[in-house]
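So the structure is just underneath, and the comments pick up after that.
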Amino acid sequence: MIQSMTGYGKSSQEIAGQTIHVELKSLNSKNLDVNLRMSSQYREIEIPLRNKIAEALKRGKVDVSLYVESKSGEASAVINTKVVESYIKQLQEIQPDENKDFSELLAIAMKFPEALSTDKTTLAKNEIKAIESTLEEALQTLVKHRLDEGKALEADFKLRINNLKSLVKEVISIDPERIKNVRERLHKAVDDLKTNVDENRFEQELVYYIEKYDITEEKIRLENHLDYFSKNLDSKDSNGKKLNFICQEIGREINTIGSKSNYAPMQKLVVKMKDELEKIKEQLLNVL
């Protein structure tokens, strides 16, 4: 069962007057690239969250958004009293004015850095567990989306592989005709020279020449590679890199057949095979 690297997952969970939202989007990438967006107060659990994402998704460019919404409406920050008092004192020293309203000084001081701070220094265990479980639910949704995309890709791969197998059969069927054509062309070329040749020596050279254009090994290897590709499509694990390596071997055999064919009808079949293989390679870029 192959898996796409494209997917979307979202999950929400309510806990103690808060709603935890996790949203994930993934696209294809050679490696795992996680962009995790969340409030700074949750940075202490960033590494465990990244590890969970890496374990579940393996590869892909992944955008993760973690947002915790307060349902009670209570302030999530508190006033740094000592800091604000220090600001007010300094303002009074800079410009002493007995008529200056304290509320005005307070309004100015509250705009300075570190006047407010979060009221959470550490996260509660139940909140951490809730965030982790919400992330896991979102990951499960994303993986399901990836598997659904993978089914569509798998169907397309099987179609392309079957097309390639049919083209290989056509190559095999016209190969005797190709050899006959090559032999006739060589005989004609010798006849056009209008000179006497040693027939035995000519036949020996002809056999040697035709052997250079023999594609028996390439046909066998190509059929084996196509079967191996199909076998890996049906494996339990999705391995786009391995399928890509097999495609490289398939391409190598197709190119060799093309270079040896020396026969227009076979070269046309080779072009069709290359086209099918290119479509497989394009789709493989999105396989996990």
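Scope of the values below: all heavy atoms of this structure, side chains included, with no hydrogens, waters or symmetry mates. Values in this document were obtained by computation on a predicted structure and should not be read as measured data.
- The stretch residues 55-68 participates, sequence neighbours left out, in these side-chain hydrogen bond (donor to acceptor under 3.5 Å, both in side chains) pairs: N35-D63.
- Looking at heavy atoms from C-beta onward, F229 lies in side-chain contact with L243 at the 4.5 angstrom threshold.
- Hydrophobic clustering, with ILVMFWY side chains joined whenever heavy atoms are under 4.5 angstrom apart, groups L49 together with I128.
- When atom types are taken as modelled, the side chain of N239 and the backbone of K242 share a donor-acceptor pair closer than 3.5 angstrom.
- No donor-acceptor contact under 3.5 angstrom links the side chains of E137 and S133, judged on distance only.
- Between the side chain of N162 and the backbone N or O of K158 there is at least one donor-acceptor pair closer than 3.5 Å.
- Looking at K89 and E85, no side-chain N of the basic residue comes within less than 4.0 Å of a carboxylate O on the acidic one, giving no salt bridge.
- Linking Ile, Leu, Val, Met, Phe, Trp and Tyr whenever their side-chain heavy atoms come within less than 4.5 Å leaves L57 and L285 in two separate clusters.
- The CG atom of L24 lies 9.5 Å from the OG atom of S11; values are rounded to the nearest 0.5 Å.
- I174 and I179 are not part of a single hydrophobic cluster, where members link through side-chain heavy atoms under 4.5 Å apart.
- D275 and K279 are joined by a salt bridge, as a carboxylate oxygen and a charged side-chain nitrogen come within less than 4.0 angstrom of each other.
- Side-chain contact between R37 and L66 is absent, with no heavy atoms from C-beta onward closer than 4.5 Å.
- Two residues are said to be in side-chain contact when any heavy atoms from C-beta on lie closer than 4.5 Å; K274 and I254 meet this criterion.
- At a threshold of 4.5 Å between non-hydrogen side-chain atoms, the residues D33 and V62 do not count as touching.
- In the model, Q13 has a side-chain atom that pairs as donor or acceptor with a side-chain atom of T134 under 3.5 Å.
- No side-chain donor-acceptor contact under 3.5 Å links E223 and Y228.
- Partners of Y213 according to the ring pair (Phe, Tyr, Trp, His ring centres under 6.0 Å) rule, which considers only residues two or more places apart in sequence or in another chain, are Y209.
- In terms of heavy-atom proximity, M273 sits nearest to V168 at SD-CG2, 4.0 Å.
- With contacts defined as side-chain heavy-atom distances shorter than 4.5 Å, the pair I45/I131 qualifies.
- In plain terms, the two heavy atoms of L91 and A109 that are nearest each other are CD1-N, 4.4 Å.
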Report the C-alpha separation of K10 and E23 in whole Å, then their side-chain angles, then the decisive distance to 0.1 Å, and conclude whether the salt bridge (Lys or Arg N to Asp or Glu O under 4.0 Å) test is met.
CA-CA 4 Å; K10 184 177 182 180; E23 184 177 12; 5.3 Å; no

Please test Q18 against E127 for side-chain contact (heavy atoms from CB on, under 4.5 Å), starting from the C-alpha separation and ending with a verdict.
CA-CA 9 Å; Q18 294 180 316; E127 186 175 3; 3.5 Å; yes

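- Heavy-atom contacts from other residues, nucleotides or ligands closer than 6.0 Å to NZ of K30 number 12 or fewer.
- When side chains are defined from C-beta on, S26 does not count as touching M5, because their heavy atoms never get closer than 4.5 Å.
- A donor and an acceptor atom, one from each side chain of D214 and T216, are located under 3.5 Å apart.
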Salt bridge (Lys or Arg N to Asp or Glu O under 4.0 Å) for R43 and E46? Distances and angles first, verdict last.
CA-CA 5 Å; R43 290 300 172 190; E46 179 177 356; 3.3 Å; yes

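- Heavy atoms only, all atoms of each residue included: E154 and I2 are closest at N-CD1, 3.6 Å.
- Taking all atoms of both residues into account, the shortest heavy-atom contact from L288 to S238 is O-OG, 3.0 Å.
- Taking the side chain as every heavy atom from C-beta outward, I15 and K129 never approach each other to under 4.5 Å.
- Between A56 and V143, the shortest heavy-atom distance links the atoms O-CG2, 4.1 Å.
- The nearest pair of heavy atoms linking Y8 to H145 is N-ND1, 3.1 Å.
- Looking only at side-chain heavy atoms (C-beta outward), L284 and F157 come within less than 4.5 Å of each other.
- Not a single donor-acceptor pair under 3.5 Å links the side chain of R178 to the backbone N or O of M266.
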